[in-house]
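Let me begin by presenting the structure, written as structure tokens, before commenting on it.
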Amino acid sequence: MKNALHTHTELLGLIGHPIKHTFSPMMHNVASQLLDADYLYLPFDISPAELKEGISGLKALGFKGFNVTVPHKEAIFPFLDAVSEEAVVIGAVNCVVNNSGALQGYNTDAFGVQYALDPFREEITGSPVMIFGAGGASRAAVYALIRHYRPSVIHIVNRTVQRAEQIAHHFKQQMHYEGIETSESAPFDTDAIMRGCKLIINTTSLGMTPLTTDSPVSSSEGFTRDQIVFDMVYNPVKTQFLRFAEEKDAVTIEGIKMLVAQGAKSFELWTGKQMPVAEIYDTLLKYLNP
Ligand code: ATR
């Protein structure tokens, strides 16, 4: 095994708070071993108050790159030397490359969304879409949708409607897209609008282990057999949301697809190497479906 912590081992990592249930270390360390490459990926729980010191620490230790997760995806901007076009438009960074001390921010979530949706490009393009959630993951989805599939309308449904309204305003300014409509998830009845949408995406954490009976919808009523339904929650692989969709014979896309794709893009940015995605997918699947 090459990953035996030689002096030339390249360090990669993840910063977030909290970062209890992450599969990223497994994904990147297994990929590195499969490629016989010398990288080590470590998770770091860094609170918002420690963000500045945390980033300085990673730079001082010569980390080649790191992922960024909640709650630092927006707060990290002032510490970066350059930010990619998609990360600027999305307003969130989830991947940083350290180019000899110069930090460059990217958003690989948007690539993950596109990877998951691209097999359905023709059906999605120009169609109405519904998104549950209005956080960073939702912004990445909205960006990928507008950029690649130009939906006729994007309905954003969120518990806190103001966050959905902020996204509508943001993308009107950033991408001149005026098709975002917003609703509060409760007591708003989403079923009728949902039935008119071609694509439904869950970007909230509802349904994630251990609260696996949770879902952004309480029944299968809003789903139809003509729909494509994508859940960004990847643990469990088959969420309650996707089970409801399957009850109506909708096509479903599991969150693990996006997880691996965004990870593969980060890995490529740091190492210049292609992640062996099929093997990583199988490794994760075995772990999530023992
Ligand atoms: P991410 O970067 O993964 O999108 P985030 O920015 O914290 O993370 O956003 C989490 C999303 O899940 C939000 O849409 C959040 O709703 P609020 O904006 O109202 O907070 C949603 N979410 C999380 N827990 C939820 C719950 N128990 N019920 C409903 N929505 C929830």
Side-chain angles (χ1 to χ4, degrees), residues 14-24 43 45-48 51 66-77 86-96 105-113 116 129-145 154-171 180-190 194 200-219 222 230-236 239-241 244 254-259 261-263 265-266:
L14 165 70
I15 59 170
H17 182 73
I19 45 159
K20 279 181 205 144
H21 306 290
T22 172
F23 289 90
S24 293
D45 191 329
I46 293 176
S47 71
L51 184 60
F66 53 94
N67 281 130
V68 182
T69 189
V70 178
H72 305 313
K73 286 183 182 181
E74 287 145 41
I76 195 160
F77 273 82
E86 90 284 342
V88 169
V89 177
I90 293 166
V93 160
N94 79 321
C95 177
V96 175
Y106 296 87
N107 190 304
T108 68
D109 281 338
F111 175 79
V113 172
V129 174
M130 179 173 279
I131 298 178
F132 290 97
S138 175
R139 282 169 182 258
V142 170
Y143 169 83
L145 285 166
I154 303 176
H155 298 277
I156 302 182
V157 179
N158 197 45
R159 175 177 62 181
T160 316
V161 73
Q162 289 84 353
R163 290 186 84 191
E165 286 162 2
Q166 280 166 9
I167 294 184
H169 180 70
H170 180 85
F171 283 94
I180 298 181
E181 296 187 357
T182 59
S183 313
E184 196 177 325
S185 36
F188 176 74
D189 178 7
T190 51
M194 249 175 95
I200 321 281
I201 308 178
N202 174 37
T203 73
T204 76
S205 47
L206 289 167
M208 194 187 285
T209 298
L211 302 175
T212 55
T213 55
D214 282 0
S215 160
V217 293
S218 55
S219 77
F230 171 31
D231 197 342
M232 288 193 190
V233 172
Y234 54 82
N235 186 11
T239 59
Q240 181 59 56
F241 185 68
F244 281 141
E254 295 159 352
I256 188 172
K257 274 221 168 111
M258 175 178 163
L259 174 71
Q262 64 77 29
K265 194 68 177 175
S266 295

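Note that the numbering runs from 1 along the sequence shown for the chain. Numbering of ligands and ligand atoms starts at 1, following listing order. Side chains are part of it too, since the values below use all heavy atoms of this structure and drop only hydrogens, waters and symmetry mates.
- Donor-acceptor pairing under 3.5 Å is recorded for the side chains of D231 and T239.
- Comparing R159, E184, Q162, M232 by heavy-atom distance to atom 27 (N) of ligand 1, the nearest is R159.
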Practice item. Test Y234 against F23 for side-chain contact (heavy atoms from CB on, under 4.5 Å), laying out the working first. Key: CA-CA 10 Å; Y234 54 82; F23 289 90; 3.2 Å; yes

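- Using a distance-only test at 3.5 Å, with no hydrogens or angles considered, no donor-acceptor pair links the side chain of T212 to the main chain of G207.
- When each atom of ligand 1 is checked for a heavy atom of K73 under 4.0 Å away, the hits are 2 (O).
- The nearest protein atom to atom 19 (O) of ligand 1, hydrogens excluded, is given as T160 OG1, 2.4 Å; this is a heavy-atom distance.
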Exercise for review: Let me see the working for S215 and L206 under side-chain contact (heavy atoms from CB on, under 4.5 Å), right down to the final yes or no.
Suggested key: CA-CA 5 Å; S215 160; L206 289 167; 5.8 Å; no

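- Applying the 4.0 Å criterion to heavy atoms of R163 picks out, from ligand 1, the atoms 6 (O), 9 (O), 13 (C), 17 (P), 18 (O), 20 (O).
- There is no protein heavy atom closer than 4.0 angstrom to atom 10 (C) of ligand 1.
- For the pair D45 and H17, the minimum side-chain heavy-atom distance is below 4.5 Å.
- Taking every non-hydrogen atom of S205 and a distance limit under 4.0 Å, the qualifying atoms of ligand 1 come out as 12 (O), 23 (C), 24 (N).
- Nearest protein heavy-atom neighbour of atom 3 (O) of ligand 1: A137 CB, 4.0 Å.
- Only the side chain of V70 comes within 4.0 Å of ligand 1, judged by heavy-atom distances.
- Atoms of ligand 1 lying under 4.0 Å from any heavy atom of G133, numbered from 1 in the order shown and given with element: 14 (O).
- Of all the heavy atoms in V217 and F244, the pair that sits closest is O-CE1, 3.4 Å.
- Here L206 has side-chain heavy atoms under 4.0 Å from ligand 1, and that is the only part of it that gets that close.
- Contacts between N158 and ligand 1, counted as non-hydrogen atom pairs separated by less than 4.0 Å, involve the side chain only.
- Taking each heavy atom of I90 and F171 in turn, the nearest pair found is CA-CZ, 4.4 Å.
- The shortest heavy-atom distance from R139 to ligand 1 is not under 4.0 Å.
- Atom CZ of residue F241 and atom CZ of residue F230 lie 10.5 Å apart, to the nearest 0.5 angstrom.
- For atom 5 (P) of ligand 1, the closest heavy atom belonging to the protein is G135 CA, 4.0 Å.
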Practice item. Under the side-chain contact (heavy atoms from CB on, under 4.5 Å) rule, what do L145 and I201 come out as? Steps first, then yes or no, please. Key: CA-CA 11 Å; L145 285 166; I201 308 178; 4.1 Å; yes

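- In the vicinity of T204, heavy-atom distances shorter than 4.0 Å reach the ligand 1 atoms 12 (O), 21 (C).
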